[in-house]
Amino acid sequence: MAEAVQGHGHDEQNSIFKIGINLTIACLLSGAIIAGTYSITAPIAAQERVNLKNRAMKELVAEAQTFQPIQGKADWYAAQKDGKTIAYVVPAESKGYGGAIRMLAAVTPEGKMLDYKILAHNETPGLGDKAADSKFRQRFAGKAAEDMEVVKVPSDKNIQALTGATITSRAVTKGIREAVEQVAEYAAQKK
């Protein structure tokens with residue numbers, strides 16, 4: 001009887017060893033498949049991010065013929081027409097009700113807002129996400145940084161808050177105002 005128990009124990013160890021080998025092989029194969037898939041899709045995803053940014057910049061400054069990266073300024077572009085800079089497209093970010101709001105802002109060399117595009121946000125659907133609507137974005141058009149103050153009462157000079165989304169309105173305004181200030185400062189140094 002003792003011999004039967006020993007033999008059974010040996011089979012158990014052998015079975016555990018086989019399971020371990022099978023799991024190792026499965027992990028190696030899975031890792032190889034994931035690595036292979038990533039090596040194929042990573043360049044495609046990177047190119048798609050570039051394409052999305054280019055489309056967003058073209059939406060913001062439709063008359064621009066080219067977008068030239070600005071040396072020393074991460075993710076800043078000079079929107080050019082006939083070799084002349086007609087706008088700067090720069091990143092903007094601020095903390096809203098649901099977290100970070102990432103934007104792309106188009107600003108004239110004179111420091112006036114043209115338009116912006118929200119790239120990512122977690123704002124409340126039906127309220128804060130209205131900051132991406134053209135009706136709200138138009139409130140910024142042609143304004144300098146000093147005119148970007150959120151008010152609850154309609155005003156031509158300032159930015160009227162979205163109903164029920166004052167925090168989002170303030171966050172977007174803060175991010176855009178900072179972008180406009182940075183562009184105005186940069187453009188003044190270039191003169």
Side-chain angles (χ1 to χ4, degrees), residues 40-96 98-123 128-151 155-162 165 168-191:
I40 293 167
T41 60
I44 295 168
Q47 184 58 49
E48 187 54 30
R49 283 192 296 274
V50 169
N51 292 344
L52 281 170
K53 183 181 270 186
N54 288 342
R55 282 195 298 269
M57 289 192 298
K58 192 67 178 160
E59 281 177 36
L60 291 174
V61 192
E63 62 273 14
Q65 296 161 329
T66 61
F67 294 91
Q68 298 296 323
I70 296 176
Q71 198 138 18
K73 294 283 191 180
D75 296 322
W76 278 45
Y77 294 86
Q80 297 183 333
K81 181 179 181 182
D82 300 326
K84 182 177 184 253
T85 299
I86 58 172
Y88 292 98
V89 180
V90 300
E93 188 170 316
S94 190
K95 188 178 183 318
I101 301 172
R102 290 189 319 105
M103 300 165 281
L104 207 53
V107 184
T108 69
E110 296 77 37
K112 303 280 185 181
M113 187 63 195
L114 285 175
D115 198 359
Y116 70 89
K117 183 171 183 67
I118 293 182
L119 303 175
H121 73 85
N122 290 314
E123 299 306 281
D129 63 352
K130 289 184 179 177
D133 293 350
S134 64
K135 188 176 177 183
F136 184 70
R137 291 190 345 256
Q138 287 171 359
R139 297 175 188 177
F140 291 83
K143 286 189 171 37
E146 59 268 13
D147 295 329
M148 292 185 192
E149 185 181 327
V150 176
V151 294
S155 165
D156 288 338
K157 183 170 169 59
N158 299 118
I159 307 295
Q160 183 186 350
L162 289 164
T168 302
S169 301
R170 285 188 180 132
V172 169
T173 302
K174 178 182 182 289
I176 296 301
R177 183 178 55 241
E178 288 171 357
V180 170
E181 288 169 348
Q182 290 170 4
V183 168
E185 184 180 316
Y186 175 79
Q189 290 173 356
K190 285 194 56 102
K191 288 182 180 181

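If you're wondering where the values come from, they're calculated on a predicted model, not measured in any experiment.
Contact record, Val61 with Ala87: CG2-CB, 4.0 Å, taken as the closest heavy-atom pair. For the pair Ile101 and Gly96, the tightest heavy-atom approach, listed with the atom from each and the gap, is CD1-CA, 3.8 Å. Looking at every heavy atom in both residues, Leu104 comes nearest to Ala56 through CD2-CB, 3.9 Å. Pro109 and Thr85 get closest at one heavy-atom pair: CG-O, 3.6 Å.
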request  = Please step through side-chain contact (heavy atoms from CB on, under 4.5 Å) for the pair Lys112 and Val107, ending with a clear verdict.
outcome  = CA-CA 6 Å; Lys112 303 280 185 181; Val107 184; 5.9 Å; no
Go through it in stages, so that I can follow the logic: the residues are Gln80 and Ile86, the test is side-chain contact (heavy atoms from CB on, under 4.5 Å), and I'd like the CA-CA distance, side-chain angles, deciding distance and then a yes or no.
CA-CA 6 Å; Gln80 297 183 333; Ile86 58 172; over 6 Å; no
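By the 4.5 Å heavy-atom criterion applied to side chains, Val90 and Gln182 are not counted as neighbours. For the pair Arg102/Ile118, no side-chain contact is recorded, criterion being any heavy-atom separation below 4.5 Å from C-beta on.
Formation of a donor-acceptor pair under 3.5 Å by the Glu123 side chain with backbone atoms of Gly98 is found in this model. Side-chain atoms of Lys143 come within 3.5 Å of backbone N or O of Arg139 as a donor-acceptor pair. A side-chain donor-acceptor contact under 3.5 Å links Arg137 to the backbone of Tyr116.
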Distance-only check: which donor-acceptor pairs under 3.5 Å involve side-chain atoms of residues 169-177, not counting sequence neighbours?
unit_1 : atom_1 : unit_2 : atom_2 : d
Ser169 : OG     : Leu162 : N      : 2.8
Ser169 : OG     : Ala165 : O      : 2.8
Thr173 : OG1    : Ser169 : O      : 2.7
Lys174 : NZ     : Glu178 : OE2    : 2.8
Arg177 : NH1    : Met148 : O      : 2.6

Validation: residues 62-75 side-chain donor-acceptor distances under 3.5 Å, sequence neighbours left out:
unit_1 : atom_1 : unit_2 : atom_2 : d
Gln65  : OE1    : Asp82  : N      : 2.6
Gln65  : NE2    : Asp82  : OD1    : 3.3
Asp75  : OD1    : Lys53  : NZ     : 3.2

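To the nearest 0.5 Å, the span separating CG on Asp115 from CE on Met103 amounts to 12.0 Å. Residue Gln160 holds its CD atom at 13.5 Å from CD of Glu149, rounded to the nearest 0.5 Å. Distance CG/Asn158 to CZ/Phe140: 11.0 Å, rounded to 0.5 Å.
Between Tyr88 and Tyr186, the ring planes are perpendicular. Angles over 60° get that label, and only those under 30° would be called parallel.
A 6.0 Å sphere centred on NZ of Lys81 holds no more than 12 heavy atoms belonging to other residues, nucleotides or ligands.
Legend: residues meeting side-chain contact (heavy atoms from CB on, under 4.5 Å) with Glu146, ordered by chain and number and at least two apart, are Ala144.
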